[in-house]
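For reference, the structure is listed below as structure tokens.
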Amino acid sequence: KTALYLFLPMLTAFMAGTLIPVQAASGATLGRTLGHPLWGAAVALSIGVVAILIVVILMRLPVPDFQSAVRGPWWMWIGGVTGAVYVATSLALLPKVGASGFLLCVIAGQMIAAMLLDHFGLLGLTAKPVSFGRLMGVGIMLLGLVVAQLCNPGVSQVVSKDKGVLTEQASSRNKLN
């Protein structure tokens, strides 16, 4: 029973994590279909708001105390903007770098930012100084990112394809001169 209480939140977080590439890939397709990643992000976030409101209504949650929230720290309001930046970025970049490449970079950025937030106790978190072990862990993750990207055959194909296009363009220009 204790193991269940320990691992259930981690399993739930893992399952939520599996939805991130699905969200990004489906949103990227939506953005291409609508003509721009920002339209895809706007529609996806709007659908998210509707889904959350449905859950709030079904759970019969009380109306929030917005007066107290207005008196809170300014930074508690930036989550929506940072979420929108993340969604728009994922929709624009995922088709270019692939789901695994994009998410490896996202995870590396999240770990570095999380360590800084923890270390300095920012945004209402309890300060947790960075340890050598945590630095090593993030360093290993970053090394893994580099290895994963360098060993990705799609990256070299894109580079080769781009070089071929550049070579073709260069040879076309030379023919014109």
Side-chain angles (χ1 to χ4, degrees), residues 1-32 37-38 40-42 44-45 47-49 51-52 55 69 72-164 166:
K1 194 172 183 177
T2 303
L4 179 64
Y5 286 121
L6 177 64
F7 291 111
L8 188 60
M10 292 169 49
L11 181 62
T12 304
F14 176 82
M15 295 303 293
T18 65
L19 297 176
I20 291 173
V22 173
Q23 180 271 332
S26 65
T29 302
L30 179 61
R32 280 192 305 273
L38 291 177
L45 290 169
I47 292 168
V49 167
I52 289 171
V55 171
W74 67 269
W75 44 259
M76 70 182 208
W77 297 99
I78 63 174
V81 173
T82 59
V85 168
Y86 170 77
V87 170
T89 302
S90 70
L91 299 184
L93 295 181
L94 195 87
K96 293 177 173 68
V97 299
S100 62
F102 177 77
L103 287 173
L104 283 169
C105 292
V106 166
I107 291 167
Q110 285 175 333
M111 290 305 300
I112 291 168
M115 277 196 335
L116 291 171
L117 292 173
D118 279 348
H119 182 76
F120 294 107
L122 301 173
L123 303 181
L125 297 174
T126 302
K128 295 179 184 172
V130 173
S131 66
F132 178 73
R134 288 178 78 190
L135 283 174
M136 288 297 296
V138 171
I140 290 168
M141 282 183 61
L142 293 175
L143 180 62
L145 168 68
V146 171
V147 170
Q149 285 303 100
L150 290 177
C151 295
N152 181 359
V155 172
S156 60
Q157 289 172 359
V158 170
V159 172
S160 299
K161 185 189 240 182
D162 288 345
K163 284 182 181 176
L166 292 174

In short, Thr82 meets Gly79 closest at the heavy-atom pair OG1-O, 2.9 Å

Sorted by chain and number, sequence neighbours left out, side chain to side chain donor-acceptor pair (under 3.5 Å) with Thr89 holds for none

Between Ala41 and Leu91, the two heavy atoms sitting closest are N-CD1, 3.1 Å

Self-check item: Side-chain heavy-atom pair Met115, Leu135 within 4.5 angstrom cut-off
Solution: yes

When rounded to the nearest 0.5 Å, the distance separating CE of Met141 from CD of Gln110 is 8.5 Å

Smallest heavy-atom separation, Leu116 atom then Leu122 atom, equals O-CD1, 4.3 Å

With Leu142 as partner, the option from Ile107, Val147, Ile112 fulfilling side-chain contact (heavy atoms from CB on, under 4.5 Å) is Ile112

Residues Pro129 and His119: closest non-hydrogen pair is CA-ND1, 3.3 Å

Correct closest heavy-atom pair for Ser90 and Pro95 would be O-CD, 4.3 Å

* Asked: Got Val106 and Tyr86 here, is their nearest side-chain heavy-atom distance under 4.5 Å?
  -> yes

Salt bridge (Lys or Arg N to Asp or Glu O under 4.0 Å) filter on Arg134, not counting sequence neighbours, yields Asp118

In this structure, OG1 of Thr12 is separated from CE of Met10 (nearest 0.5 Å) by 10.5 Å

Quick one, Leu123 and Met76 - any side-chain contact, counting heavy atoms below 4.5 Å? no

Heavy-atom closest pair (Ala99 atom, Pro21 atom, distance to 0.1 Å) is CB-CB, 4.5 Å

